[in-house]
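To start, the structure itself, in structure tokens.
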Amino acid sequence: MDQDTDSEARERAARRDEAVRGAVEQGLLGPDAAVVALLDVTGIRKSAAALRAAFDAVTAPGTPVLHAFAVKATPLVPVLRLLHEEGIGAEVASPGELALARAAGVPPDRTVLDSPAKTPAELREALALGVAVNADNPQELDRLDALVHHGPKRTGGTPVAPGSSPLGIRVNPQIGGGTIGATSTATQTSKFGVALRDEGAREWVVRAYADRPWLTRLHAHTGSQGIPLPLLARGVAETYALAEEINARIGRRQIDTLDIGGGLPVDFTAEATAPTYAQYARLLAEEVPGLFDGRYGLVTEFGRSLLARHGTVVARVEYTKSSGGRRIAVTHAGVQVAARTVYAPGAWPLRIAAYDPKGRPRSGPEVVQDVAGPACFSGDLLAEGRTLPLLEQGDYAAALDTGAYYFAHHYAYNSLARPGIYGFAPDGTGGVAFATVREPQTVAEVVAESGGAHASTLTTLRTPGSR
Ligand SMILES: Cc1ncc(COP(=O)(O)O)c(C=O)c1O
């Protein structure tokens, strides 16, 4: 079954409408809480199950498969715990993300560390914990050499058994980009991984494995939003072919696990999910059948496709006005919760839903209007020239599909506070229950984070010899 049928999309929309109404009724949204973010726990669980089922359907029985959620997509501890409970691990790319995964209880052997700029301390910590590491480049491999040979100590002092962290190399198959340059990682000049088609690079990779029996994984992530499915599949096919070549040339099945990255795109213009995990897994099975025959363990690193659909930012319409004939709803959600959309609206459109002051879907004539945010620059628009039921003062505008790379990625323009994030699920009696995922930031916290404790630090600073 596909991840998302039309009826599932309708059910998701119905859950969202219920949640917006419940948030207003229960006072999470209102004049004193003008913007909140909501997370659909039911939807997250369903997506996790769809991911597992999609790959289960195409892999040989008994094949180890780790679906590691790309923490960067939604770096929230309760979300990571929920996914862990659903059998999903964590892909981390910074000390902060690793700490979040650990705080959520994701075990090291279900965690993968990728990033293009790992420090020696980060590598040491990962190896001490037993977290898998994909080396980004030859210099990083040198650092791993030193750690592997001189034996990192497990946190607490016990020596690490050599090889307890699965180690691999990230390659860039250089097969080209998608429609969004900033999220295309397999371009000719991408900063990620070993550029496989550069002169001598493929040979270097083969030798790197031949010289290091402890390198047992191979990793590529072709890109994120905007990469067409066939290109994603090609990136996986190139990685598989390289693993086969390495194993054949060194005469043993040294690479035992392929990490195929994430990148399944989300259709931000429609409710129904396409492509689905099932479609992607079936395409991979057609294009790269050997990947699933049980000879390789698999790691995936999906982020956006797991969480985007299940998050909604809801903001009160503070004022409405008209300017040059254009209707404008001024809301409390803008660049601080939707930086990508505001700065690159063409690449990152968001659907907007309109609700009345009681949180019920707004009806009424549709009008072309702008949905503006609160920040002080004119580009701070969630949507421009969008046809929607006319928003009125006291209504709510919801930015849909914002569960990944949006409200969890606060951008502190105008010192706007981080909104509260609440998970929701049916309460068992026909209503909606909410749980706090992240408290709303207070203005006092904004001051504290902005150097409030150091108010006179610059005025009292003296360089030696000055008066
Ligand atoms: C190495 C790696 N893996 C996984 C992901 C997640 O990608 P997506 O959220 O598009 O699935 C990213 C995104 O930047 C990444 O860099």
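Each ligand, and each atom within it, is numbered from 1 in the order the structure gives. Below, each value reflects all heavy atoms present in this structure, side chains not excepted, and no hydrogens, waters or symmetry copies.
Listed by number with element, the atoms of ligand 1 under 4.0 angstrom from any heavy atom of Y405 are 6 (C), 7 (O), 8 (P), 9 (O), 13 (C). Near E91, meaning under 4.0 Å from one of its heavy atoms, ligand 1 places the atoms 1 (C), 2 (C), 3 (N). Near G262, the atoms of ligand 1 lying under 4.0 angstrom from a non-hydrogen atom of the residue are 4 (C), 11 (O). Atom numbering of ligand 1 starts at 1 in the shown order; those under 4.0 Å from a heavy atom of D114 are 1 (C). For ligand 1 and F302, the ligand atoms under 4.0 Å from any heavy atom of the residue are 11 (O).
Residue contacts with ligand 1: R304 is placed with a nitrogen or oxygen under 3.5 Å of a nitrogen or oxygen of the ligand (distance criterion only). Considering backbone and side-chain atoms alike, G303 places an N or O below 3.5 Å from some N or O of ligand 1. The distance criterion of under 3.5 Å between nitrogen or oxygen atoms is not met by L264 with respect to ligand 1.
The heavy atom nearest to atom 12 (C) of ligand 1, out of those in H221, E301, R170, H219, is found in H221.
Side-chain atoms of E244 and Y296 form a donor-acceptor pair, as typed in the model, at a separation below 3.5 Å. A donor atom on one side chain and an acceptor atom on the other are not found under 3.5 Å apart for S305 and Y280. For the residue pair N172 and Q188, no side-chain donor N or O sits within less than 3.5 Å of a side-chain acceptor on the partner.
Under a 4.0 Å N-O distance rule, the pair D211/R207 qualifies as a salt bridge. A salt bridge links R212 with D145: at least one charged nitrogen is closer than 4.0 Å to a carboxylate oxygen. A salt bridge links E245 to R249: at least one charged side-chain nitrogen sits closer than 4.0 Å to a carboxylate oxygen. Under a 4.0 Å N-O distance rule, the pair R217/D259 does not qualify as a salt bridge. Residues E140 and R143 are not paired through a salt bridge, judged by the lack of any N-O separation under 4.0 Å between the basic side chain and the carboxylate.
The protein heavy-atom contact nearest to atom 10 (O) of ligand 1 is S224 OG, 2.9 Å. Summary of contacts: the protein heavy atom closest to atom 14 (O) of ligand 1 is K72 CD, 3.4 Å.
At a heavy-atom distance under 4.0 Å, no atom of F192 approaches ligand 1.
You'll find the ring centres of Y343 and Y411 inside the 6.0 Å limit.
Distances from ligand 1 to the non-hydrogen atoms of G261 include no value under 4.0 Å.
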